[in-house]
Amino acid sequence: MSDTPTTEQLTAWVTRFAELVREHRDELTALDSAIGDADHGSNMDRGMTAVVAAVTEAPPADPAALLKKTGATLVSKVGGASGPLYGTLFLRMAGAVEEGFAPALRAGFEGVLARGKAEPGDKTMVDALGPACDVLDAGGSLAEAAQAAADGRDATVPLVARKGRASYLGERSAGHADPGATSTAYLLQAAAETLS
Amino acid sequence: MSDTPTTEQLTAWVTRFAELVREHRDELTALDSAIGDADHGSNMDRGMTAVVAAVTEAPPADPAALLKKTGATLVSKVGGASGPLYGTLFLRMAGAVEEGFAPALRAGFEGVLARGKAEPGDKTMVDALGPACDVLDAGGSLAEAAQAAADGRDATVPLVARKGRASYLGERSAGHADPGATSTAYLLQAAAETLS
Amino acid sequence: MKKLINDPADVVADALRGMAAAHPRLRVDHENRVVFRGDAPVQGKVGLVSGGGAGHEPMHGGFVGPGMLDAACAGEVFTSPVPYQMVAATQGVDGGAGVLHIVKNYTGDVMNFEMAAELVAAESGTEVVTVVVDDDVAVQDSLYTAGRRGVGTTVLLEKIVGAAAAEGRPLAAVADLARRIDDSGRSMGMALTSCTVPAAGKPTFDLPEGEMEIGIGIHGEPGRRRVPIAPAREVAAMLVEPILADHAFTDGVICFVNGLGGTPLIELYVVYAEVAAILEESGIGIARSLVGPYMTSLEMAGCSVTLLQADDELLRLWDAPVDTPGLRWGA
Amino acid sequence: MKKLINDPADVVADALRGMAAAHPRLRVDHENRVVFRGDAPVQGKVGLVSGGGAGHEPMHGGFVGPGMLDAACAGEVFTSPVPYQMVAATQGVDGGAGVLHIVKNYTGDVMNFEMAAELVAAESGTEVVTVVVDDDVAVQDSLYTAGRRGVGTTVLLEKIVGAAAAEGRPLAAVADLARRIDDSGRSMGMALTSCTVPAAGKPTFDLPEGEMEIGIGIHGEPGRRRVPIAPAREVAAMLVEPILADHAFTDGVICFVNGLGGTPLIELYVVYAEVAAILEESGIGIARSLVGPYMTSLEMAGCSVTLLQADDELLRLWDAPVDTPGLRWGA
Ligand SMILES: Nc1ncnc2c1ncn2[C@@H]1O[C@H](COP(=O)(O)OP(=O)(O)O)[C@@H](O)[C@H]1O
Ligand SMILES: Nc1ncnc2c1ncn2[C@@H]1O[C@H](COP(=O)(O)OP(=O)(O)O)[C@@H](O)[C@H]1O
Ligand SMILES: [Mg+2]
Ligand SMILES: [Mg+2]
Ligand SMILES: [Mg+2]
Ligand SMILES: [Mg+2]
């Protein structure tokens with residue numbers, strides 16, 4: 001998908017993402033219990049609930065405004081590691097969304113890399129987001145990108161974490177999917193469902 | 001038994017009592033867990049272990065000295081409610097032991113009543129000690145006195161406590177034997193085994 | 001049993017070694033298990049002695065120091081100390097102005113302190129006055145029990161009376177003040193979990209997942225009733241209402257929310273917020289507050305609320321400098 | 001889950017209401033969840049701001065007051081606060097001499113404070129310097145992790161740096177001192193039990209009856225290893241030895257035995273006694289000590305040991321007056 005998504009489409013996207021997060025809140029927290037501090041589900045749910053409230057109350061006028069509002073709300077409501085990372089993702093997307101969804105997601109991804117300094121294979125959300133960007137940049141569909149994100153999430157299972165709280169587990173972090181990679185897979189699933 | 005017991009007999013008595021307390025330490029603590037604060041077994045065991053050590057190290061010269069040493073050791077090692085009460089029992093016995101075991105036990109019992117101000121039926125050690133004294137005063141044997149103490153202990157089961165920590169349970173204290181009455185029954189059992 | 005201890009039989013001795021190492025300004029008599037302020041006896045000052053079973057730290061040893069207690073005797077866990085400890089403490093703090101024994105109302109504590117006072121009277125010229133603290137409103141039928149237990153008011157009393165003694169007041173006046181504080185203080189506690197006496201090795205009682213015990217004592221003596229666990233708002237009401245029903249509090253109280261050992265401060269603040277809201281609705285202004293684990297029951301989870309009716313004098317004494325491991329300000 | 005709370009979603013807001021009610025000399029900005037000292041900003045003084053996830057009380061809100069922090073931001077339980085809170089705190093304490101951000105080394109805290117500093121730089125002329133505390137020796141391979149976590153040294157640092165700021169030292173000097181303290185402090189913790197994040201409703205991890213976790217983090221991040229529970233003597237060795245192996249401590253340390261929330265003071269003193277004995281054997285004299293639950297992990301049972309190499313200057317600053325709900329002396 002290289003068309004510029006509409007404000008309505010993007011609103012549907014973040015709304016669907018919020019639903020998926022709510023639905024999988026306990027799963028995300030359970031994953032974070034296994035290798036972190038048991039708050040990723042409540043963090044993302046708190047943030048996305050606030051995003052939906054914000055964009056419903058005062059619907060943004062254009063795609064960039066929608067993404068900016070989403071990013072700013074996440075930054076100001078989530079905290080932890082995921083707040084600045086997801087927040088930066090959406091804020092950077094806002095600056096590039098006129099070029100289309102794929103370039104916007106790539107810009108967001110670069111923001112995440114710059115903010116968090118994680119590398120692929122560190123067992124973070126980067127491992128789901130990166131493959132999805134690659135698929136889109138190569139002209140793949142959103143469904144294919146969502147699949148790549150899901151595969152990237154699954155690929156984090158055997159990895160040993162090197163960034164974020166999970167890194168303190170060392171070898172013991174292997175054997176569990178990364179919570180942030182899992183929520184990112186839902187982000188791409190929501191995109192496939194709403195932006196195609 | 002109205003003869004004056006010998007120092008050796010009394011030493012055997014407190015030694016046997018110490019053994020019984022050690023053997024039933026967990027039972028006494030469990031009873032105190034049910035209606036008190038879970039320390040009667042360790043309190044009595046600590047005290048009687050110290051008594052045996054004291055009378056072994058420096059064997060007292062006469063019955064009064066043995067009983068005095070026992071009482072003083074209990075007062076200084078046990079604490080809680082049972083320390084002053086058992087301590088007073090033996091200290092008062094020392095003053096009357098020349099008249100015989102029965103009068104001595106009666107004097108000790110009166111000391112317990114004066115110190116603790118409990119009445120029969122309050123669900124305390126008084127309910128085992130009183131009936132034993134009555135049997136001895138009426139010319140009964142030590143075996144009969146031990147049986148009376150055991151019956152007195154059993155009779156505390158349905159009672160509602162009105163003295164000591166168990167009194168805070170009110171109605172809920174009914175249904176369990178009183179820990180102090182139970183240790184007193186062992187005291188009389190030891191007497192029957194060693195002083196007859 | 002999961003505890004940071006060595007041999008269960010050594011818990012009290014080991015903890016006293018820790019106190020001695022951590023607080024060089026205290027003097028710990030390890031043989032008698034008495035914690036003294038380093039400069040005891042203070043000549044001309046009434047000596048304040050308290051004590052009780054261990055397991056309630058920082059009470060009482062942590063309240064020894066200028067402006068509070070002169071000495072504290074530690075018994076075994078949940079077991080009153082023995083008379084010779086109290087005799088040693090009394091003799092060690094006698095600066096010529098007499099000694100006050102502050103005794104929490106439990107049969108064992110009362111009897112052991114009584115025997116100690118008898119021994120002191122027989123052996124020396126030290127004047128001893130005893131004040132018994134009995135502030136636990138959970139005990140309703142004091143006629144049929146050993147009387148109300150001594151709980152949270154003890155901490156406030158030791159602080160305020162300590163300040164009065166530091167001012168040089170005579171024994172009779174210090175004892176009167178202590179009785180007045182006992183008369184004006186009321187407490188009520190609750191537990192979410194039991195605790196394990198180290199020597200017993202198992203929890204004293206069983207409190208199932210969905211239940212709590214309202215009106216519990218600090219040794220796990222059972223309370224008024226068991227009820228399903230409830231929000232902090234309702235728990236606060238269950239503790240404050242019996243206190244207000246028992247004594248006519250007016251504006252200007254000291255409000256003390258105490259943690260029982262296993263409950264962290266974040267929860268105590270949640271409870272404090274609710275207690276303060278109830279008092280505000282009742283028109284009872286809070287003059288001073290204390291929030292924290294000051295009178296614990298080993299690792300029991302739960303809290304107690306204590307209200308003490310204050311006046312200008314009590315507040316001045318409350319604000320006076322105190323320098324102990326457990327309570328410290330102005331020094 | 002047995003906790004004294006209302007709705008799990010309201011825990012932090014409720015606890016802040018309690019803090020505001022209990023400590024009238026603090027000013028709590030409930031909207032931004034910032035605890036300020038009542039007289040902030042103090043003109044001419046470097047402002048000290050810290051913050052982090054809730055669940056560690058009294059840290060950090062309980063360390064706000066004269067001689068320590070000027071403001072503390074509270075995040076959700078175990079979740080870093082967000083940048084706008086830190087911006088509000090920074091602006092509120094800026095007395096013209098700049099502001100120091102004291103940040104514990106966790107990815108979330110570091111990133112959020114970083115964004116806040118960027119926002120402050122973009123919006124105002126306030127000079128901000130950030131110091132990251134990373135003292136947890138349990139994290140060995142910092143190259144392959146997010147680096148050492150910030151734990152117990154944070155408490156000592158906030159006290160000492162607070163005293164330096166109160167003396168009127170300039171921002172650069174205060175920041176240098178903070179870095180020096182971080183360099184000279186080491187910590188190691190252990191847990192007997194897990195804790196339950198209120199919003200999660202279940203224990204974060206499972207620690208069976210006979211086991212303990214050595215080297216755990218304050219959010220329950222797993223440690224170096226799980227071992228059978230052991231006497232306090234051995235636990236103390238397991239905590240102190242890695243600290244001594246990591247840094248060459250010499251005579252005159254500040255020794256801090258911290259409780260994780262569910263462990264009562266009696267056990268902390270037992271541990272302190274063992275830590276002191278090990279240090280004595282190693283020829284490392286203890287100059288000052290701190291024993292208590294100052295940096296908790298909700299109701300987790302366990303403790304941590306922190307050693308900070310002191311010198312005359314640090315001790316003088318440690319002894320200087322401090323007047324906060326959590327640490328108070330000389331005031
Ligand atoms: N440096 C980083 N770069 C990218 N992602 C990261 C980084 N650190 C952590 N994450 C992601 O954040 C997730 C955890 O988020 P969350 O639990 O909400 O915050 P916290 O770790 O502060 O509790 C991890 O699963 C991981 O995917
Ligand atoms: N006032 C009293 N008079 C007689 N016996 C008492 C009195 N109070 C308590 N007791 C006895 O003491 C026993 C408890 O002793 P113990 O558990 O060792 O001390 P504590 O109650 O101080 O923990 C009770 O079971 C009861 O038999
Ligand atoms: Mg997390
Ligand atoms: Mg008992
Ligand atoms: Mg007892
Ligand atoms: Mg977190």
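The sequence lines fix the lettering, A, B, ..., with proteins before strands; numbering per chain opens at 1.
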Highest number of heavy-atom pairs under 4.5 Å with chain B: which of [options]?
| options | result |
| --- | --- |
| Gly147(C), Gly52(C), Gly53(C) | Gly147(C) |
| Gln85(C), Gln140(C), Glu114(C) | Glu114(C) |
| Gly108(C), Pro81(C), Gly217(C) | Gly108(C) |

Given a strict heavy-atom distance threshold of 4.5 Å, which part of [X] is in contact with chain C: side chain, backbone, both, or neither?
| X | result |
| --- | --- |
| Ser173(B) | neither |
| Thr29(B) | side chain |
| Val78(B) | backbone |
| Ala118(B) | neither |

Options Arg46(B), Lys163(B), Lys77(B), ranked by heavy-atom pairs under 4.5 Å with chain C, top entry
Arg46(B)
Count the heavy-atom pairs under 4.5 Å between each of Gly87(B), Ser33(B), Ser76(B) and chain C, then report the option with the highest count.
Ser76(B)
Does any N or O in the side chain of Asp109(C) come within less than 3.5 Å of the main-chain N or O of Gly80(B), such that one atom is a donor and the other an acceptor?
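Judged by distance alone, no pair lies under 3.5 Å.
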With no hydrogens and no angle check, is any side-chain donor or acceptor of Arg172(B) less than 3.5 Å from a backbone partner on Gly223(C)?
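Side chain of Arg172(B) to backbone of Gly223(C): a pair is present.
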Under 4.5 Å from a heavy atom of chain B, the part of Val77(C) involved
backbone
Return the minimal non-hydrogen interatomic distance between Asp37(B) and Phe78(C), and the atom names on each side.
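The pair with the smallest heavy-atom distance is OD2-O, 3.0 Å.
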Which atom names give the shortest non-hydrogen contact between Ala81(B) and Thr107(C), and what distance separates them?
CB-CG2, 4.2 Å
Do Glu171(B) and Arg224(C) sit within salt-bridge range, that is, some charged N less than 4.0 Å from a carboxylate O?
no
So, taking the atom named CG in Asp122(B) and the one named OG1 in Thr145(C), what distance separates them when rounded to the nearest 0.5 Å?
11.0 Å
With rounding to the nearest 0.5 Å, note down the distance linking CE in Met111(C) to CZ in Arg115(B).
8.0 Å
Just wondering, are more than 12 heavy atoms of other shown residues or ligands nearer than 6.0 Å to [atom1] in [X]?
| X | atom1 | answer |
| --- | --- | --- |
| Glu98(B) | CD | no |
| Lys69(B) | NZ | no |
| Arg226(C) | CZ | yes |

Carefully, step by step, assess Val75(B) and Met115(C) under the rule side chain to side chain contact (heavy atoms under 4.5 Å, CB included).
CA-CA 9 Å; Val75(B) 167; Met115(C) 292 182 84; 3.9 Å; yes
Flag side-chain contact, heavy atom, 4.5 Å: Glu76(C) against Asp39(B):
no
Residues of residues 195-207 of chain C near chain B, each having a heavy atom less than 4.5 Å away
Val197(C), Ala199(C), Ala200(C), Thr204(C)
